[in-house]
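Below is one structure, written out as structure tokens; comments come after it.
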Number of protein chains: 2
Amino acid sequence: MPPATDETLARLEGLGHRATGSRRAVLDAISLKHAPFTVEDICEAAPGVGRATVFRTMKLLQDLELVCRLPLGDGGVRYEVSRSEHHHHLICSRCGAVTEFSDPELDALIVTNARREAFRLDSHSLELYGLCAACSAAPNALRNP
Amino acid sequence: MPPATDETLARLEGLGHRATGSRRAVLDAISLKHAPFTVEDICEAAPGVGRATVFRTMKLLQDLELVCRLPLGDGGVRYEVSRSEHHHHLICSRCGAVTEFSDPELDALIVTNARREAFRLDSHSLELYGLCAACSAAPNALRNP
DNA sequence: CTACATGCAAATTGTTTGCATAGTT
DNA sequence: AACTATGCAAACAATTTGCATGTAG
């Protein structure tokens, strides 16, 4: 995953938004994240950028569909870079790690269900909770994403 | 769905918790709800019970697995009575209605995916977003659960 | 009577907003 | 220069907690 920042900035500008230093910093921080991250993560990774600006930038990126909000079962919220491929999440209850998987067959079945209920499906989210491979193997690891 | 309150109170007591007036009121309010509800809904339905107590009671009921938290995509949170049957949600982006569906085949596929990732699955949640049948038919209904 | 539960208000936490200033184009 | 974005602090909303009092068992 290349910094992607340049491409993204271009896209921002194309839509009438400005390529500012703060946005650059936030985008750089995001591009370094391999897994879903919190607003707090970004604030730490981009010191000097105000919290409010991070929130505003996240909202902007959501509107541009460059990032998407991921509300976890415990009430916390993370964000992740939108990838073109649709996917779902495996959330470890012990260490908090969030990983992904995808399965076209599963998606197809979901569409079928929506249709059965006469529901006009826009999007969906599927989260699996439990223990990741590492945690179920090492029962005494410390909690840390 | 009978008031269920008596049965529930018995269960509470069995676990060393007390069957107080406030809990009774909250349980009565919950038992009347047909669809997922908010804490606010309960506060309104059980006036005289403090907000803090409603929150405390909800947490207690969650621990007892009598109720489960349902974090919506827009950041809101609802609760619903735990039914024995596992199910998923259809959430209408227009009117906010939350309905349910279930599909054993879908659940089986989910288990398969978890196994493939060496993930020890405890639970999962699946939410479909879009327009419910009513809203996609009547494009100008008002927003209201 | 004793321990647990409640209400209220204060404390947190997470997020949004108003406004004067700094930064982009 | 014109207009947008930022930072900070205040405003908010949702949820939690401390504590004196009420109450179920």
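Being a predicted model, the structure only gives us computed values, none of them experimental. A, B, ... follow the sequence lines: proteins, then strands. Residue 1 opens every chain.
Remark: A/Ser22 is not in phosphate contact with D/dA5, judged by side-chain N or O atoms under 4.0 Å from OP1 or OP2. Residue A/Thr20 has no polar side-chain atom (N or O) positioned under 4.0 Å from OP1 or OP2 of D/dT4. Not one side-chain nitrogen or oxygen of B/Lys59 sits closer than 4.0 Å to the OP1 or OP2 atom of D/dT15.
Panel note: side chain B/Thr57, backbone B/Thr53; a donor-acceptor pair is recorded below 3.5 Å. At distances below 3.5 Å, at least one donor-acceptor pair connects side-chain atoms of B/Ser82 with backbone N or O atoms of B/Val67.
Contact annotation for A/Glu13: backbone-only contact, meaning every heavy-atom pair under 4.0 Å involves sugar-phosphate atoms and none involves a base. Across all strands shown, A/Val39 has no heavy atoms under 4.0 Å from either base or sugar-phosphate atoms. Among the atoms of the strands shown, none is found under 4.0 Å from any heavy atom of B/Gly76.
Under the 4.5 Å side-chain criterion, counting only non-hydrogen atoms from C-beta, A/Tyr79 is not in contact with A/Leu70.
Rounded to whole angstrom, the span from the CD1 atom of B/Ile42 across to the P atom of D/dA14 amounts to 16 Å. One interatomic measurement links the two molecules: CG of A/Asp74 to C1' of D/dT16, which rounds to 16 Å at whole-angstrom precision. Rounding to whole angstrom units, CZ of residue A/Arg69 and P of C/dT16 are separated by 7 Å. The nearest whole Å value for the distance from the CG atom in B/Leu60 to the P atom in D/dT17 is 15 Å. Put simply, CZ on B/Phe55 is 14 Å from P on D/dA13, counting in whole angstrom units. Whole-Å rounding puts the A/Leu72 CG to C/dT13 P distance at 19 Å. A/Arg56 has its CZ atom 13 Å from the P atom of C/dC19, to the nearest Å. A/Met58 has its CE atom 11 Å from the P atom of C/dT16, to the nearest Å.
The residue among B/Val54 and A/Tyr79 whose nearest nucleotide of DNA chain C is located toward the 5' end is B/Val54.
Results of the side chain to side chain donor-acceptor pair (under 3.5 Å) test with B/His88 over B/Thr99, B/Asp107, B/Asp103 single out B/Asp107 as the only residue that passes.
Donor-acceptor pairing under 3.5 Å, judged by distance alone, is absent between the side chain of A/Arg23 and the base of C/dG23. With hydrogens and angles ignored, a donor-acceptor pair closer than 3.5 Å exists between the side chain of A/Arg18 and the base of D/dC3.
Using a 4.0 Å cut-off between a side-chain N of Lys or Arg and a carboxylate O of Asp or Glu, B/Arg51 and B/Glu40 qualify as a salt bridge.
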